[in-house]
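First the structure, in the form of C-alpha cells, and then the observations on it.
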Amino acid sequence: MAERSFMDALHTQGLRAAEALQLATGSHHDLWLFASHLGDPKAAFLLLFPLSFHLSRRVGLAVVWAAALSEWLNLVLKWVLFGERPFWWIGESRLFVKAPPQVQQFPSTCETGPGSPSGHMMVTAAVWWVVTSSLTSHLYSRTNSKLFAGVPLLLYALVLVAVGLSRIFLLAHFPHQVVGGFLAGLVLGVLLNRTELESRSLLFFLATSAALFAGALLFYSGLQQVGVDPSWSIALARRWCTRSEWVRMDTTPFSSLMRDCGALIGLGLAKVWRPRGWSFSWAPKALCLALSSMALYHINRFALPVSPPVLFYTLFLIKFSIVPQVVMFLIPGLVHLLTARPKKE
C-alpha cells in the first residue's frame, strides 16, 4: 500500500508537470511532435544511420548496433518494470474523476508498450552519444580547442532535452521514466560505442539477431509461466486512447524486437555483399545520402497488413533488414555505376 501511495504521488506530480507544459506551450505542439519523431527509435535506423554512415562508416555501423541493442534492452526493462503511461493512468487510477486534468492526447501519444523506461530517450541517448563522441574527438583533433569540441556535447544535451520534454508533453511518459531512459541510454552508448564491428562476419550478426529474438521469447514465456501477462499494456492503450487509429501495430513491443533483429541481419548481409564498400569523394557521398534518404522514406511509408499479426511481424523484420542494405550496398553501388570513370585501354 505504501509503495502504491508513493507511485501515485510520483505519477500525480509527473502528470501536473505535463499539464503545465501543455498549458504553457500548447500552441507549439507541432514542434513537440517533431522532437518526439526525432527521438523515435526507428529514426535512429531511418535518419541518423544513413547520415552518419555516409560521413563515417565506423560511426554508421555503431549507430545501428547501439540502436538495436539499446531498444532490445529497453523492451526487456519495460516488461520487468511495468511502467504506467500518463494517458491511460489518468483513467485507471480514478484519482481525477471529480477534477480531470486539462490535458489532451496527440497521434504520437498512444504507445502500446509499458512506459518505464522511455524508449525514445534510451535509444536517442545511446545512438546520439555514438555520433557525439565521434564528432567531439574529430573536432578536437582538428582544432585542439575544447570549446569547439564541446559544441557536439551541447547539441547532444539540447536534443535530449527536447525529446524528453516532448514525451512528457504528449502524455507518453512521466518525467522519472524520461530520466531513467536517459541514464540507461547514456551508459549503453558509452559501452556499445567500443564494439569493433568492421571485422565481424555475417555469422556474428545472424547469431546476435537470433540471440535477441530467442532471449525475448524466453523472457516473454517466462513471465507468462509465473502468471504475468507481458501484453497487459496493449489493452490499456486501446481502452484509453482518444482515437483508435492512433493505436498502431508498429508501437507494440514485438515490433521493436523485429526491427532490431531485422536491422542486424541486414547489416550482416550488407557487409557480405560489399565488405569494404566504395571509396567516394564528397559529391558522390552527398548523392548517396540523398538517394538513401529518399529510398528509406518510401520504405517507411510502405503499409504492411496488420492481420494476421505473424505476417505483420515477419514483413516488419524484412522491411528493416532492407534498410542497411539500401544504405550500405544498393544505393552506393548504383552511385558507383553512375560516377565511375571508364578505364582507359
Side-chain angles (χ1 to χ4, degrees), residues 37 39-50 52-53 59-81 111-114 117-131 181 184-185 187-189 191-193 195 197 200 202-221 230-231 233 248-271 296 299-300 304 309-328:
H37 289 315
D40 193 314
K42 70 181 178 183
F45 299 99
L46 300 175
L47 296 177
L48 192 58
F49 165 53
S52 59
F53 179 81
V59 175
L61 298 179
V63 163
V64 174
W65 179 252
L69 266 66
S70 60
E71 187 174 31
W72 181 86
L73 184 57
N74 179 260
L75 167 64
V76 173
L77 289 175
K78 285 180 184 295
W79 281 340
V80 172
L81 298 177
E111 302 269 347
T112 57
S118 167
H120 279 59
M121 282 297 289
M122 192 165 168
V123 176
T124 300
V127 298
W128 279 83
W129 176 257
V130 170
V131 176
V187 171
L188 282 173
L191 296 176
L192 297 175
N193 192 30
T195 307
L197 297 170
R200 301 291 186 173
L202 172 61
L203 181 60
F204 170 81
F205 291 102
L206 292 179
T208 303
S209 179
L212 296 184
F213 183 77
L217 286 185
L218 286 173
F219 199 84
Y220 186 91
S221 300
S231 301
S233 59
R248 307 186 314 275
M249 281 283 286
D250 62 356
T251 68
T252 61
F254 274 104
S255 293
S256 301
L257 178 62
M258 293 300 101
R259 175 165 50 230
D260 302 332
C261 293
L264 290 177
I265 292 171
L267 192 63
L269 290 173
K271 290 180 85 280
L296 295 187
I299 289 173
N300 182 52
L304 301 177
V310 172
L311 176 61
F312 172 82
Y313 290 131
T314 301
L315 293 177
F316 203 71
L317 181 144
I318 295 173
K319 182 177 181 177
F320 275 88
S321 71
I322 294 172
V323 170
Q325 298 179 73
V326 168
V327 174
M328 297 172 61

Can you check side chain to side chain contact (heavy atoms under 4.5 Å, CB included) on T314 and V310, steps first, answer last? CA-CA 6 Å; T314 301; V310 172; 4.1 Å; yes
Do you know which two heavy atoms are closest between [X] and [Y], and how far apart they sit?
| X | Y | value |
| --- | --- | --- |
| K42 | F320 | CB-CZ, 4.2 Å |
| M249 | S255 | O-OG, 2.6 Å |
| A67 | A44 | CB-CB, 3.8 Å |
| A216 | L257 | CB-CD2, 3.6 Å |
| G113 | P253 | CA-CG, 4.2 Å |
| N193 | A62 | OD1-CB, 4.2 Å |

Set of residues satisfying ring-ring contact (aromatic ring centres under 6.0 Å, His included) with respect to [X], sequence neighbours excluded:
| X | answer |
| --- | --- |
| F219 | none |
| W128 | none |
| F213 | none |

Rounded at 0.5 Å granularity, tell me how far [atom1] in [X] sits from [atom2] in [Y].
| X | Y | atom1 | atom2 | answer |
| --- | --- | --- | --- | --- |
| R200 | L61 | CZ | CG | 12.0 Å |
| C261 | F205 | SG | CZ | 13.5 Å |
| I322 | L317 | CD1 | CG | 10.0 Å |
| Y220 | L75 | OH | CG | 10.5 Å |
| D260 | L69 | CG | CG | 8.0 Å |
| L73 | L77 | CG | CG | 4.5 Å |

Does any N or O in the side chain of N74 come within less than 3.5 Å of the main-chain N or O of P117, such that one atom is a donor and the other an acceptor? yes
Check the pair F204 / L197 against side chain to side chain contact (heavy atoms under 4.5 Å, CB included), numbers first and verdict last. CA-CA 9 Å; F204 170 81; L197 297 170; 4.2 Å; yes
With the side chain counted from C-beta on, respond yes when [X] and [Y] share a heavy-atom pair under 4.5 Å apart, and no when they do not.
| X | Y | result |
| --- | --- | --- |
| L267 | M328 | yes |
| W129 | L188 | no |
| P324 | F49 | yes |
| K271 | L202 | no |
| F45 | V63 | no |
| M122 | K78 | no |

Go through the structure and list residues passing side chain to side chain donor-acceptor pair (under 3.5 Å) with S321, not counting sequence neighbours. none
Could I get the full list of side chain to side chain donor-acceptor pair (under 3.5 Å) partners for S209, not counting sequence neighbours? none
Go through the steps for V64 and F53 under the test side chain to side chain contact (heavy atoms under 4.5 Å, CB included), then give the verdict. CA-CA 10 Å; V64 174; F53 179 81; over 6 Å; no
Qualifying salt bridge (charged side-chain N to carboxylate O under 4.0 Å, His left out) pairs, either residue in residues 61-75, two or more places apart: E71-R259
Can V327 and L296 be said to form a side chain to side chain contact (heavy atoms under 4.5 Å, CB included), step by step? CA-CA 8 Å; V327 174; L296 295 187; 3.8 Å; yes
Can you check side chain to side chain donor-acceptor pair (under 3.5 Å) on T252 and T112, steps first, answer last? CA-CA 5 Å; T252 61; T112 57; 5.1 Å; no
